[in-house]
Amino acid sequence: MNTSKSEQLLERARLTIPGGVNSPVRAFKGVGGTPRFIARGEGSRLIDADGNSYIDYVCSWGPLLLGHRPQMVIDALREVLETGTSFGAPTEREIDLAELIRELMPSMEMVRLVNSGTEATMSALRLARGFTGRDLCVKFEGCYHGHVDSLLVKAGSGVATLGLPDAAGVPKAFAETTIALPFNSIAAVEATFAKHGDQIASVIVEPVAGNMGCVPPAPGFLEALRALCTKHGALLTLDEVMTGFRVARGGAQARYGIKPDLTTIGKVIGGGLPIAAYGGRRDIMEKIAPVGPVYQAGTLSGNPLAVAAGLAMLGHLKAHPEVYDVLEARSAQLCAHVPEGITVNRVGAMFTMFFTPEPVTDYETAKKSDTARFAKFFHFLLEGGVYLAPSQFEAGFVSAAHSEADIKHTVDRVAEFFASERR
Ligand code: KE4
């Protein structure tokens, strides 16, 4: 496969951009080789600068639930471009989007739009501290909630992929406000609440972990978090930036029947445009300025282009719930044929093939995966026109644009890899 243009672009990019990328996970550090510089996306496919075409299972790390350039998003962007790109003032569309988010995710009685998942989780954490008057936050090892100072403790995603030291650049005092526990360990959470219950502002969790690879909640885990938060007056924050509108139209909270106090969302709601949100109980959200004392702001929050894309995406999902049947069917087909010795975790249209024979239920078991073998697998698929996330500790995503032929090609290529290992 010719990747000379990507190689040249990477060399040039490294002169002005750290690592040549604007987000570390894109650098292929977890798998080696040259990150592909992308020229365009169409449906389920990416086309790189050398003209190579790939079936895309990264989907911009989750946002592209309907594939690249879905017509309704393109049309919405074209229409809004005629009116302007940013006003720094309220618009009717922002109300429409807040109402639509609340309709699809009713626990979000009030919503504040921001520009990234990191902004959403950072704001939700500050709000939880402001509302409860408490300082401590509980998170889970291997979960990633964006690059918020105090949440970069035992974080997943790029931090896990690069094996970075915990929270480099984060003041010790900030990191000490965070208690990181094993994902799916109810006993660890119970013990922590027994010791610190009246100091914990919030428990933040990916209800289906995606940033250590895909790890579902153990039966009863989310329910235990809900009960413990209620008992001790802490807020349960579900970080649905990845799972929101992906694992179900109402997110993981609908799939598992959990009502959080706060939720963060992002990715899918912008269909590829930079937008995220946090929201939840009215009595909590009314602590946010300008109504309450907890400050949070953003020049481009509620940006007309991003909001128009969001309205088009969520409007389509509201009108076409059958999209989720397609996502489930394609994802099930993709993950049905994996040999002994490999553990596949999947929830809806997010999945990970772990190179370990043992069940993967938390970060410790995820880390038992053979990352060198995963890297070989990644490149074998890449050479075969299949673009997975370049890390064992990330989730893969299926979109509604992935055809049966795409899935068959991928399944065949996966089978060829394992056959090649046996030769
Ligand atoms: P952003 O700030 O990257 O928009 O969102 C942070 C975030 C928050 N919460 C969850 C559950 C997330 O998955 C993320 C971001 N996810 C990663 C992929 N694992 C984004 C990819 C990247 O860092 O480039």
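Remember, it's 1-based here, ligands and their atoms both numbered in the order they're listed. If you're wondering where the values come from, they're calculated on a predicted model, not measured in any experiment.
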**Student:** Walk me through whether Glu223 and Arg226 qualify under salt bridge (charged side-chain N to carboxylate O under 4.0 Å, His left out).
**Tutor:** CA-CA 5 Å; Glu223 293 79 356; Arg226 176 64 279 170; over 6 Å; no
**Student:** For residues Tyr387 and Tyr57, establish whether the separation of their ring centroids is below 6.0 Å.
**Tutor:**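 No, ring centres 6.0 Å or more apart.
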**Student:** Give the residue, atom name and distance (to 0.1 Å) of the protein heavy atom nearest atom 5 (O) of ligand 1.
**Tutor:**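 Residue, atom and distance for the closest contact: Gly117 CA, 3.3 Å.
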**Student:** Looking at Phe380 versus Phe417, is the centre-to-centre ring distance below 6.0 Å?
**Tutor:**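 Yes, close enough.
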**Student:** Can you check whether Phe378 and Phe28 have ring centres sitting under 6.0 Å from each other?
**Tutor:**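 Under 6.0 Å, so yes.
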**Student:** Would you mind checking if Arg45 and Glu42 are paired as a salt bridge, meaning a charged N to carboxylate O distance below 4.0 Å?
**Tutor:** no
**Student:** Which heavy atom of the protein is the closest neighbour of atom 19 (N) of ligand 1, given with residue, atom name and distance?
**Tutor:**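 Nearest protein contact, heavy atoms only, for atom 19 (N) of ligand 1 is Asn211 OD1, 2.4 Å.
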**Student:** So that I can tick it off, tell me whether Glu103 and Lys318 are bridged by a salt bridge, with the cut-off set at under 4.0 angstrom between side-chain N and carboxylate O.
**Tutor:**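 Glu103 and Lys318: salt-bridged.
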**Student:** Val25 to ligand 1: N or O pair under 3.5 Å?
**Tutor:** no
**Student:** Measuring from atom 6 (C) of ligand 1, which candidate in Gly213, Gly146, Ala155 has the nearest non-hydrogen atom?
**Tutor:** Gly146
**Student:** State whether Glu286 and Arg282 are salt-bridged, where the test is any N-O pair (Lys NZ or Arg NE/NH1/NH2 against Asp/Glu carboxylate O) under 4.0 Å.
**Tutor:**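 Looking at Arg282 together with Glu286, the answer is yes, because their closest N to O distance falls below 4.0 Å.
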**Student:** Where does Thr118 meet ligand 1, judged by heavy-atom distances below 4.0 Å: at the side chain, the backbone, both, or neither?
**Tutor:**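 Thr118 to ligand 1: contacts from backbone and side chain alike.
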**Student:** Heavy-atom distances under 4.0 Å decide this one: backbone, side chain, both or neither, for Glu394 against ligand 1?
**Tutor:** side chain
**Student:** Does ligand 1 come near enough to Asp239 that some N or O of the ligand is less than 3.5 Å from an N or O of the residue?
**Tutor:** yes
**Student:** What protein heavy atom sits nearest atom 21 (C) of ligand 1, and how far away is it?
**Tutor:**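 Looking at atom 21 (C) of ligand 1, the protein heavy atom closest to it is Trp61 CG, 3.7 Å.
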**Student:** Any atoms of ligand 1 less than 4.0 Å from a non-hydrogen atom of Met242? List them with their elements.
**Tutor:** 13 (O), 19 (N)
**Student:** Is the shortest distance from atom 3 (O) of ligand 1 to a protein heavy atom below 4.0 Å?
**Tutor:**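 No, because not a single protein heavy atom sits under 4.0 Å from atom 3 (O) of ligand 1.
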**Student:** Hey, is Arg281 close enough to Asp261 for a salt bridge, meaning N to O under 4.0 Å?
**Tutor:**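 Yes, this pair counts.
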**Student:** Would you check the N or O atoms of Glu206, main chain and side chain alike, for any that come under 3.5 Å of an N or O of ligand 1?
**Tutor:** no
**Student:** Could you tell me if any non-hydrogen atom of Lys267 lies under 4.0 Å from any atom of ligand 1?
**Tutor:**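 Yes, that is the case, since the closest heavy atom of the residue is under 4.0 Å from the ligand.
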**Student:** Does this structure show an ion pair linking Arg346 with Glu328, if we count only N-O contacts that are shorter than 4.0 Å?
**Tutor:**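 Salt bridge: yes.
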**Student:** List the closest protein heavy-atom neighbour of atom 10 (C) of ligand 1: residue, atom name, distance to the nearest 0.1 Å.
**Tutor:** Tyr144 O, 3.3 Å
**Student:** Would you give the length of the straight line joining atom CE of Met212 to atom OH of Tyr363, rounded to the nearest 0.5 angstrom?
**Tutor:**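 Rounded to the nearest 0.5 Å, the CE-OH separation comes to 8.5 Å.
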**Student:** Which of the numbered atoms in ligand 1 are below 4.0 angstrom from a heavy atom of Ser116?
**Tutor:** 2 (O), 4 (O)
**Student:** Look at atom 23 (O) of ligand 1 and say which protein heavy atom is nearest, naming residue and atom and giving the distance to 0.1 Å.
**Tutor:**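 Protein heavy atom with the smallest distance to atom 23 (O) of ligand 1: Ser23 OG, 3.4 Å.
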